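Just so you know, ligand 1 is whichever comes first in the structure, and atom 1 is the first atom listed for that ligand. Here the structure is a predicted model, which means the values were calculated and not measured.
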Amino acid sequence: MIRKAIQVRFTFAGHICRPAILIASDRGFPSDSSSLMKKPKKLLESLIKPFFGSKNEGKKEDLEAIAAKEQKVFRYETLVAATRNFNPKQKLGEGGFGPVFKGLLEDGREVAVKRLGRSSRQGSREFQNEAMLLSTVQHRNVVTLHGYCAHADEQLLVYEYVPNESLDKLLFSKEGNSKKVELEWKLRYQVMVGVARGLLYLHEDAHTTIIHRDIKASNILLDDRWVPKIADFGMARLFPEDQTHVNTRIAGTNSYMAPEYAMHGFLSTKADVFSFGVLVLELVSGRKNSAFSPLPDPDADSLLEWAWNLHKKGQTLELMDPALVPTADVEQVAMCIQVGLLCTQRDPKLRPDMKRVVMILSRKPSILQEPTQPGIPRTRFLSSHGTRGSRTGSGSSGGASSSTVNSASTSAATTSTARYHSSYQEHRPV
Ligand SMILES: Nc1ncnc2c1ncn2[C@@H]1O[C@H](COP(=O)(O)OP(=O)(O)OP(=O)(O)O)[C@@H](O)[C@H]1O
């Protein structure tokens, strides 16, 4: 029998608590409703007891205690010991949110500890709620968030450690690098399918819709069997939109960003679909979708434009990374290019959702609909130091003219989000 986990949520003292998971039949409730009612009633009583039961009358167990029971809360000392006092030698790298350290827990688990910047204005309670919610996200293609720690003004996230490098380091490494050669076609295809499944889970199957907002090669980690894991999935939820820190990140030139998001702040799951499409084209071509990566086509400013130009000429296979020639299944490659172009269409309504993408990728190459023009955001940017950059394009295609996304325009974006919402009713804005 197919079984499905159903979360039972309790609202307690204004917080969503998730003390238990019920298992129920996927095909509806059993016909014997009396047995159905008896058991859950007992179960419900035992769950509610800690809050309202006679023994605990008046004693209010708070969120930390519940979370600690679920073993999602890490003591600061535990993380200090695991990372040898955040020893620089343990540092795996540093992202926009702060440094990441490799750690070893007493039980032998290897973890990656992300130390979030101290500038956060987000309340600790809010952070804990979010972190607890996110630590219930579980999928083979999403990095597991084991838990979190809030200590003084520090906020730390504890992830499963993913031993292989991030995809960008393999995919965009210098020619002749043996690791790049290892990324043969089957593997790249496996990465695409895995990322698509992970995204579908975040969009549709997690307890709440999670829009990643930052799908890119450096946020795809590979495990020891090259299974792709989407990382950083919780950042969008953990930092409020008006956070300066996040704005700095949004402001950076992001060649993965859907034009409607980059220009107007309109965010929907289709923004992730767009980024996924860029990632697919990068996997096929072994090239970055960046204005700074030289392309064989002088008329193209970006990988997206090059792919579109080739598509118009019926020559999309020219996009394929020469390193793939010995291993590629050309029919599959052509299909993936088409998927990449469909996902990056300028109009978010025309982009397929991740369910459709997974379906397309899981079956034999077949005839797909014709993609329309891709959306190419011409984004000026603010660097992390707040200086204005100048990545502007000629604006020949894509239909998106230059825009600056900074804290001011982010609040303007909130207004335009409402406008966009009315014209793109089928999307789920956050
Ligand atoms: N769970 C993990 N397991 C192993 N390494 C990790 C893990 N999470 C992050 N890293 C490594 O830590 C480094 C920093 O990661 P982080 O996600 O903070 O930033 P980023 O993705 O490189 O950049 P940005 O913050 O701009 O997205 C990266 O080199 C990444 O490979």
Assess whether salt bridge (Lys or Arg N to Asp or Glu O under 4.0 Å) is satisfied between Lys114 and Asp232, documenting all intermediate values.
-> CA-CA 10 Å; Lys114 191 171 278 192; Asp232 263 8; 2.3 Å; yes
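- For Arg356, the salt bridge (Lys or Arg N to Asp or Glu O under 4.0 Å) criterion is met by no residue, not counting sequence neighbours.
- If you number the atoms of ligand 1 from 1 as listed, the ones under 4.0 Å from a heavy atom of Asn219 come out as 21 (O), 27 (O).
- Atoms of ligand 1 found under 4.0 Å from any heavy atom of Lys216 (numbered from 1 in listed order, with element): 24 (P), 26 (O), 27 (O).
- Close contacts of ligand 1 with Asp214, meaning ligand atoms under 4.0 Å from a residue heavy atom, involve 27 (O).
- Judged purely by atom type and a 3.5 angstrom limit, Arg346 has no side-chain atom pairing as donor or acceptor with the backbone of Gln373.
- Ligand 1 has Lys169 within reach: a non-hydrogen atom of the residue lies less than 4.0 Å from it.
- Near Glu160, meaning under 4.0 Å from any of its heavy atoms, are these atoms of ligand 1: 1 (N), 2 (C), 3 (N).
- Counting atoms of ligand 1 from 1 in the listed order, those under 4.0 Å from a heavy atom of Ala112 are 1 (N), 2 (C), 3 (N), 7 (C).
- Near Gly93, the atoms of ligand 1 lying under 4.0 angstrom from a non-hydrogen atom of the residue are 13 (C), 14 (C).
- For Tyr256 against Phe274, the heavy-atom pair with the smallest separation is O-CD2, 3.4 Å.
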Run the side-chain contact (heavy atoms from CB on, under 4.5 Å) check on Leu303 and Leu319 step by step: do they pass?
-> CA-CA 9 Å; Leu303 178 62; Leu319 197 80; 3.9 Å; yes
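- The closest approach between Ala231 and ligand 1 stays at or above 4.0 Å for every heavy atom of the residue.
- Residue Val191 is tested with Leu279, Leu167, Val280, Leu170 for a side chain to side chain contact (heavy atoms under 4.5 Å, CB included); the sole match is Leu167.
- Only the side chain of Lys114 comes within 4.0 Å of ligand 1, counting heavy atoms alone; its backbone N, CA, C and O stay farther away.
- Checked by atom type, the side-chain pair His203/Asp272 shows a donor-acceptor distance below 3.5 Å.
- The contact set between ligand 1 and Tyr161, taken as ligand atoms under 4.0 Å from a residue heavy atom, comprises 3 (N), 4 (C).
- Exactly one of Pro371, Pro352, Pro374, Ser275 qualifies for a side chain to side chain contact (heavy atoms under 4.5 Å, CB included) with Cys343. That residue is Pro352.
- Remark: ligand 1 atoms within the under-4.0 Å shell around heavy atoms of Leu221 are 1 (N), 2 (C), 3 (N), 6 (C), 7 (C), 8 (N), 31 (O).
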